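These numbers come from the heavy atoms of this one structure, side chains and all, not from hydrogens, waters or symmetry mates. Every chain is numbered from 1 and lettered A, B, ... according to where its sequence line falls, protein lines coming before strand lines. The shown structure was predicted, so the numbers you read here are calculated from the model rather than taken from an experiment.
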There are 2 protein chains.
Amino acid sequence: MDLSGNGRRAQRVTIRDVARDAGVSVAAVSKVLREAYGVSDALRAKVRDSMERLGYRPLAAARGMRGQTYTLGVTLSDIRNPFFTDLMAGINAALERTQYQPLVGISHSTSAIEAGLIESMMDRQMDGLILVAPHLTGAPLADLARRIPIVVVGQHQPNATEFDTVNNDDELGAELVVRHLAEQSFARIAMLSLAFDRAGSVEATVNGRRETGYRRAMAGLGLKQHINVVRAAQTLREIQTTARHMLEGPNRPEALFCWTDFVALEVISVATELGLSIPDDLAVVGYDNTFLCDLAQNDLTSVDQSGETLGLQCARLLIERIKGRGEAQHFMVKPRVVVRASSQKR
Amino acid sequence: MDLSGNGRRAQRVTIRDVARDAGVSVAAVSKVLREAYGVSDALRAKVRDSMERLGYRPLAAARGMRGQTYTLGVTLSDIRNPFFTDLMAGINAALERTQYQPLVGISHSTSAIEAGLIESMMDRQMDGLILVAPHLTGAPLADLARRIPIVVVGQHQPNATEFDTVNNDDELGAELVVRHLAEQSFARIAMLSLAFDRAGSVEATVNGRRETGYRRAMAGLGLKQHINVVRAAQTLREIQTTARHMLEGPNRPEALFCWTDFVALEVISVATELGLSIPDDLAVVGYDNTFLCDLAQNDLTSVDQSGETLGLQCARLLIERIKGRGEAQHFMVKPRVVVRASSQKR
DNA sequence: AGTGCTATGTGTATCGTTCTACATTTCCAT
DNA sequence: ATGGAAATGTAGAACGATACACATAGCACT
């Protein structure tokens, strides 16, 4: 394709080559590329044709020097959680026919790595960031948002003015779960939540909201005396020992609401090992309605927050921000409970 | 930090600022940055100190114009498969203390998107690519490798000279499974594999190798007449209907070897729905030994190929290539069977 | 003192775009 | 015709790093 006769290495086609081929200036080609103002149809057609014929692709690094890179960064704390898969599917779908390319960085749940990852994405001149359930919060997050367009998903900041947020109504989701369990005439309903890694983040975090919803619903239904929230860190080991402790203890709950599916599956595992049958000895409910809930060996009731929709919204909002929108938007979907065998008395 | 008195927007600290602060030339700072030859300890210390104090971070876009971006691209076909999580953990761990940053692109199992993604990563001047179980193969893959350093994991190309590969011995893994099942005195051992999306790729693909290993082991054990390979595409729906068909049919196998855990979990689900008990009515074995195998409700025998080790090797080999190694290296680990309840006669 | 080497440091062209400022042409109302 | 605005196209200076080519200093050995 680009064997330039002499023995040299095949060079990349540049904007200059396109300009020469089309018989126009470099600036004109750049205008076509950016769909900028001041280009006639004739010129646009000529340039488009040359680009096509030469197989021209703009070099993101060079664009980044002065303008946009058309790259969006997504930070994930944990690819293990299949909910993030749905989210990514939505993001990818939304960007499919655009110039934007999403690239994912993985922070393995530690805030030090997350901070490094974000810096690293800024070094790479990303046009904007989608932060998925970030550790970063409060003022530092707002500071960051002043340096680069941001959409946060999985963290509640309804009053933030510097960035957008996308969430489902976690409080409502938890309430729906409790009401569903109460309807099945369970009363001793406990909750297995996530340990907080910093003080005062109950209001902002997903699991904090779910706890609030749980407490409120329990109180509303006159089950205040049964409120019982236990927290475990994000490791397999700790989830297992915590679950075992709850289920072996003297007052084992009738039903256990887990803050995310992943944890619910561990609970089912521990319960099975202890010889408990589900839902007769213990009802279990998760959150996120990931594809694992559907497997017959799990058959797990869960809350659907339609991750794909959330992903789509993230992408949409971020691009709007990049294009200049200044006011914050906070998107929230209504969750719904998907009932399966793990929570239905027979 | 960088409030430059006048009302202007906070500017990024550049290499020039560092040079001025340290009282040296821009070229000297660049040398320190790249750990290039010809820098005295004294100068290095001075420059490092200035960089630290000013909070300098090199801009990847600018570096990319002439040199490296210190960014490595990883293409994943499907984040749903938890095996890739382990792989990523290895890659991230290997790059932790280096300048390199891995960024992941997701191709959703379609080769068109994969091709676009790869181009897009080249546009972004990535220094090298780790292709995980790519669709791309044969001559086009070799062509690509001549344009950018590449390591391929999850595709067997032992004779490739243009790029490195990292794999486990899939043939051996399958053989070990068959031998294990035969030891448990199963004879009618079937295999559920993945449908091929192109002709002649049996030798290169992971599932193709596993099929070969399965056939060879069956033949070696005198079970030739029981060889039975069924293939299903990578969608939930098709896996389910295929599994159902196999298990409902007149000659249901005694044991079913699934090419990956994900499929094995679906099989357990379908079997459960059909009222079959595992392993009494049907033994099931998977591949990859992902964390889901450990859950008591699955308790799935699987083949461990230590994804984290593979990830480490990918990163190591790719950086070697980037630094100039020309000859290909092909890394292969030995897999081992992790026996759990799903395949043990009681 | 002269020669040749190595080690260290610098000046500056260069990478491929974007974008401002400006030149030219076209259009239209007077 | 004429003037002025609008539309279209171009030249060329950035952007922030790298790396080549070169200058200089220090040192060992004639």
message: Using a distance-only criterion (donor-acceptor N/O pair, under 3.5 Å, no hydrogens), is the base of dA14(D) paired with the side chain of R66(A)?
response: yes
task: Would you mind reading off the distance between R34(B) atom CZ and dG16(D) atom C1', rounded to a whole angstrom?
output: 13 Å
message: Run H330(B) and N167(B) through side-chain contact (heavy atoms from CB on, under 4.5 Å) and show every step you take.
response: CA-CA 8 Å; H330(B) 300 283; N167(B) 284 291; over 6 Å; no
- prompt: Looking at the side chain of M65(A), which of dT10(D), dC15(D), dG11(C) is the nearest nucleotide?
  reply: dC15(D)
message: Testing the 3.5 Å rule here: is there a donor-acceptor pair between the side chains of S30(B) and R34(B)?
response: yes
- prompt: Whole Å only: how far is the CD1 atom of I15(A) from the P atom of dT10(D)?
  reply: 12 Å
statement: Separation of dT18(D) atom P from D127(B) atom CG, nearest Å, is 12 Å
query: Should T14(B) be listed as having a side-chain N or O under 4.0 Å from OP1 or OP2 of dG16(D)?
result: no
- request: Please report, rounded to the nearest Å, how far the P atom of dT17(C) is from the CG atom of L33(A).
  value: 8 Å
- prompt: So does R12(A) get a side-chain nitrogen or oxygen closer than 4.0 Å to the phosphate oxygens (OP1/OP2) of dG16(C)?
  reply: no
task: Write down the distance between CZ (R20(A)) and P (dT10(D)), rounded to a whole number of angstrom.
output: 15 Å
- prompt: Charged N to carboxylate O below 4.0 Å: is that the case for E52(B) and R48(B)?
  reply: no
- prompt: Would one find a side-chain N or O of S30(B) under 4.0 angstrom from OP1 or OP2 of dT18(D)?
  reply: yes
- prompt: Would you say a side-chain N or O of R63(B) is under 4.0 Å from OP1 or OP2 of dG16(D)?
  reply: no
Salt-bridge contact R147(A)-E119(A) (side-chain N to carboxylate O under 4.0 Å): yes
field: Pair R325(B) + D164(B): basic N to acidic O under 4.0 Å
entry: yes
message: Checking contacts here: which listed nucleotide (dG9(D), dA19(D), dT18(C)) is nearest the side-chain heavy atoms of S40(A)?
response: dG9(D)
task: Could you tell me whether the side chain of S111(A) and the main chain of E114(A) form a donor-acceptor pair under 3.5 Å?
output: no
- request: Whole angstrom is fine here: how far is it from CZ in R44(B) over to P in dA7(C)?
  value: 14 Å
- request: Compute the angle between the rotation axes at the two ends of the helix from dA1(C)-dT30(D) to dT30(C)-dA1(D), each taken over five pairs, rounded to 10 degrees.
  value: 40°
- request: Among the candidates dG16(D), dG16(C), dT18(C), find the nucleotide nearest to the side-chain atoms of R16(A).
  value: dG16(C)
statement: In this structure, CG of D127(B) is separated from CD of Q99(B) (nearest 0.5 Å) by 10.0 Å
message: Measuring from the side chain of V39(A) (C-beta onward, heavy atoms only), which nucleotide among dG9(D), dA17(D), dT17(C) has the closest atom?
response: dG9(D)
- line: In whole angstroms, the gap separating P of dA25(D) from CG of L43(B) amounts to 16 Å
query: If you pin Y37(A) and G23(A) to their nearest nucleotides in DNA chain D, which one's is more 5'?
result: Y37(A)
Per K31(B) side chain, nearest of listed nucleotides dA19(D), dT17(C), dT10(C): dT10(C)
message: Measure CZ/R124(B) against P/dT17(C) and give the value in whole Å, please.
response: 13 Å
- prompt: Nearest 0.5 Å, what's the CG-NZ distance between D41(B) and K46(B)?
  reply: 12.5 Å
- request: Would you mind classifying the nucleic acid contact of V26(B) as base, sugar-phosphate or nothing, using non-hydrogen atoms under 4.0 angstrom?
  value: base
